[in-house]
Number of protein chains: 2
Amino acid sequence: MDVARAAGVSAITVSRAIRTPGRVSTEARARVAAAIRDLGYTPDPAAKALASSRSDIVGVLVPSVTNSVFLDTMRGLYEVCETTDYRVQIANTRYSAAEEERLLRMFLTQRPAGLIVTGIDQSAATAGLLRSAPCPVVQITEIGPAPFDMMVGFSHSDAARVAAEHLVDSGYRRIAFLGARRDARSTRRLSGFRAGLEGKGLYNPARVLFADRPSSVPLGAEQLVELLTRDPDADAVLCNNDDLALGVLFECQRRGLAIPDRFGICGFNDISAMATACPAVTSVQTPRREVGRQAMTMLLARLADEDPGRPVRDLGFRLVRRDSTRRGQGAVAPGPGRVRPIA
Amino acid sequence: MDVARAAGVSAITVSRAIRTPGRVSTEARARVAAAIRDLGYTPDPAAKALASSRSDIVGVLVPSVTNSVFLDTMRGLYEVCETTDYRVQIANTRYSAAEEERLLRMFLTQRPAGLIVTGIDQSAATAGLLRSAPCPVVQITEIGPAPFDMMVGFSHSDAARVAAEHLVDSGYRRIAFLGARRDARSTRRLSGFRAGLEGKGLYNPARVLFADRPSSVPLGAEQLVELLTRDPDADAVLCNNDDLALGVLFECQRRGLAIPDRFGICGFNDISAMATACPAVTSVQTPRREVGRQAMTMLLARLADEDPGRPVRDLGFRLVRRDSTRRGQGAVAPGPGRVRPIA
DNA sequence: ATGAAAGCGCTAACAG
DNA sequence: CTGTTAGCGCTTTCAT
């Protein structure tokens with residue numbers, strides 16, 4: 001009202017000048033802009049939300065705020081969102097379907113502008129809420145057959161299968177799978193791993209290890225120890241996560257297991273440490289950041305009534321082959337098994 | 001209104017039954033509770049915020065969503081906040097004072113329940129806004145002399161000084177400091193580092209390296225290369241961040257620099273990888289998670305009109321000495337310079 | 001302990 | 001293109 005008075009127009013014209021400047025005369029728009037500036041007016045998001053039944057909050061449901069994998073995706077979401085007036089709100093489901101549903105209901109009471117949820121394994125109740133949500137919904141990180149609305153991710157099982165096949169092709173035969181806390185995605189990766197090995201008759205469930213705690217470097221080291229107890233002749237691992245792979249690398253160094261000749265390591269996600277490690281560690285590069293960027297971009301396009309493009313996007317992945325699986329090739333860069341003897 | 005009708009009371013009684021149950025008769029409270037359950041009522045946060053000039057949002061200003069250091073603190077904040085009806089909203093200042101001010105103003109228009117800001121180096125404008133903010137404010141990560149309101153952190157310069165002294169005490173003499181993007185905290189850590197070395201006449205600015213990009217493992221490796229170009233006889237580094245320390249470790253392994261005898265490494269923060277690395281890396285353990293927990297706990301106490309305890313809390317730090325600086329002590333666990341010759 | 005009235009600041013809906 | 005009217009769902013204030 002103050003702005004309206006100062007600009008000599010009505011309140012609704014101020015509102016329109018802000019939200020749909022195209023529907024206000026150039027002249028009025030200028031006067032409103034000047035008044036806003038002079039008075040230092042800022043809109044009240046609560047009043048806006050109440051009147052329009054729509055907040056400027058984009059709710060994001062992630063299973064973990066611990067896992068650096070989601071961090072990269074969050075970064076992508078933020079990067080895009082920060083250019084707008086929408087605000088990201090993150091809620092942590094802790095890998096619990098019940099918690100996910102509760103948090104989703106919490107978001108829905110806020111009349112979110114959009115919703116971003118992780119994965120494709122929602123409970124029936126959550127799925128129902130999402131399907132009838134009064135806002136755009138993007139599922140991220142995975143892709144699957146029946147999107148609620150939009151979807152950006154890649155196939156985790158394909159990625160693991162390709163990695164497993166790479167290990168086989170590199171000459172490894174007693175290949176293990178290391179995972180941390182088991183969730184829908186890691187299970188899917190395991191099935192890709194299994195598919196990759198079963199064709200060659202190399203799959204052995206005794207070489208599949210999961211844990212009951214989050215992924216970490218120490219866990220990887222511990223799991224290597226456990227693996228070698230179960231099968232002293234295990235000769236390679238596919239780690240569900242690069243943290244684990246680093247832990248395996250360090251433990252190999254500690255035990256003097258030559259990488260890649262005696263033992264091969266493949267990580268998952270390809271965090272930047274993988275390329276720098278000694279030896280550099282083979283990993284599956286996943287488009288985490290880009291998943292976040294595209295998810296938010298699609299969401300914003302829909303909110304702006306623009307064309308969001310393809311609603312389901314498989315962003316793929318890429319196996320990055322490095323020394324940790326470059327077996328028996330003589331002139332390899334110095335690796336842990338090849339570090340110059342020192343002092 | 002629906003709930004009120006069902007419970008046979010007025011709307012305001014429902015409101016009171018929810019917010020201040022003590023001021024409603026047991027009987028009315030029970031009827032309201034039943035009605036809420038039967039109708040599946042959930043309060044509208046926008047209407048609540050509009051009517052009361054107070055949202056349930058706790059705004060958090062962090063310089064980076066990239067840096068895993070802040071991630072740990074966020075985790076602590078979330079852990080505590082998740083037990084309440086308040087919601088965390090994170091905004092990313094990108095190490096920019098102007099951006100910080102803009103985002104703070106954005107938060108203020110939301111009438112936040114509380115505000116959490118990183119560090120003690122706010123601009124004058126930001127400081128003014130914070131000092132007169134109509135809600136509790138907690139500064140996190142550092143401690144300093146003039147809190148706006150509450151403060152939880154530790155002394156970064158002391159921590160770096162202790163680490164530097166440890167390197168000196170371990171026998172290193174040409175000690176370098178590696179930092180990524182320079183900010184207020186890293187500058188303060190550098191001054192601690194300098195203080196630790198200057199007493200012994202060992203400080204040399206040629207051995208101080210900063211970068212123009214975020215901390216990462218690859219950056220640490222690159223900076224070691226750069227350092228050795230500048231001073232081939234450098235014999236230790238204090239890394240401003242554990243990522244950098246890992247990069248240095250890998251680069252040392254690659255170059256066959258024996259750790260700890262030829263080269264000592266000390267990290268900062270003590271992420272879990274440090275203890276698992278080969279050799280294990282000395283680092284300064286910092287209470288990141290606990291900073292988050294206590295900050296949110298204090299904030300909630302104030303919001304509940306309870307005693308928040310000491311308003312300024314120095315949570316300290318702890319140097320964790322490991323093999324990467326355990327110089328010339330003969331029987332050391334196998335380290336990169338001591339890995340058994342392989343195959 | 002409870003209620004009635006008023007209004008938070010904005011926008012939807014309907015004019016004109 | 002602009003304005004009027006009527007709320008959005010809750011809490012404040014003042015009564016009782």
Side-chain angles (χ1 to χ4, degrees), chain A residues 1-33 35-36 39-57 85-87 105-113 134-135 303 305, chain B residues 1-33 35-36 39-57 85-87 105-113 134-135 303 305:
Chain A
M1 279 306 303
D2 295 339
V3 172
R5 227 184 326 269
V9 296
S10 70
I12 189 65
T13 298
V14 175
S15 179
R16 287 200 270 248
I18 292 170
R19 293 177 304 144
T20 52
R23 295 188 193 174
V24 171
S25 66
T26 317
E27 190 188 350
R29 204 189 309 157
R31 291 215 307 281
V32 168
I36 286 177
L39 274 51
Y41 167 81
T42 48
D44 179 326
K48 179 188 300 201
L50 181 58
S52 64
S53 315
R54 158 140 323 225
S55 73
D56 46 11
I57 286 173
D85 284 329
Y86 292 103
R87 285 161 295 129
R105 287 183 191 282
M106 182 272 281
F107 273 139
L108 288 171
T109 66
Q110 293 189 64
R111 314 273 184 176
C135 64
L303 291 172
D305 259 320
Chain B
M1 278 305 301
D2 295 339
V3 171
R5 225 184 326 269
V9 297
S10 70
I12 187 61
T13 299
V14 175
S15 179
R16 286 199 270 249
I18 292 170
R19 293 177 303 143
T20 52
R23 293 187 195 176
V24 170
S25 66
T26 319
E27 190 189 349
R29 205 188 309 156
R31 290 215 308 280
V32 168
I36 286 177
L39 274 52
Y41 166 81
T42 46
D44 180 325
K48 179 187 300 198
L50 180 58
S52 65
S53 315
R54 158 145 323 230
S55 73
D56 46 10
I57 286 172
D85 284 329
Y86 292 102
R87 285 161 296 127
R105 288 184 191 281
M106 182 272 283
F107 273 138
L108 288 171
T109 66
Q110 294 188 64
R111 315 273 185 176
C135 64
L303 291 172
D305 257 319

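In what follows, every chain begins at residue 1, and chains take the letters A, B, ... in the order their sequences are listed.
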Rounded to the Å, how far apart are [X] [atom1] and [N] [atom2]?
X	N	atom1	atom2	result
A/Arg111	C/dA12	CZ	P	13 Å
B/Arg54	D/dT12	CZ	C1'	15 Å
A/Leu50	C/dG9	CG	P	12 Å
B/Met1	D/dC8	CE	C1'	14 Å
A/Asp2	C/dC8	CG	P	11 Å
B/Arg5	D/dC10	CZ	P	13 Å
B/Lys48	D/dC8	NZ	P	19 Å
B/Asp56	D/dC10	CG	P	13 Å

Flag side-chain contact, heavy atom, 4.5 Å: [X] against [Y]:
X	Y	answer
B/Val24	B/Val32	no
B/Pro134	B/Leu108	yes
A/Thr109	B/Pro43	no

Residues 47-56 of chain B vs salt bridge (Lys or Arg N to Asp or Glu O under 4.0 Å), sequence neighbours excluded, gives B/Asp56-B/Arg87

Filter on salt bridge (Lys or Arg N to Asp or Glu O under 4.0 Å), then keep only pairs touching residues 1-10 of chain A, sequence neighbours left out; what's left? A/Asp2-A/Arg5

Atom pairs under 3.5 Å: protein N/O with N/O of nucleotides 4-7 of chain C:
none

Report the nucleotide, chosen from C/dT11, D/dG9, C/dC10, that has the shortest atom-to-atom distance to any side-chain atom of A/Ser52. C/dT11

Compare the minimum distances between each of D/dC8, D/dT11, D/dC10 and the side chain of B/Ser15, then state the nucleotide with the smallest one. D/dT11

In chain order, what residues pass the side chain to side chain donor-acceptor pair (under 3.5 Å) check against A/Arg111, with sequence neighbours excluded? none

A/Ser52: side chain to side chain donor-acceptor pair (under 3.5 Å) partners, not counting sequence neighbours: none

Categorize A/Ser53 for me: base, sugar-phosphate, or nothing, with a 4.0 angstrom heavy-atom threshold over every strand shown. nothing

Output the distance between atom OG (B/Ser55) and atom CD (A/Gln110), rounded to the nearest 0.5 Å. 9.5 Å

Within residues 19-28 of chain A, which residues have any heavy atom lying less than 4.0 Å from an atom of DNA chain C? A/Arg19

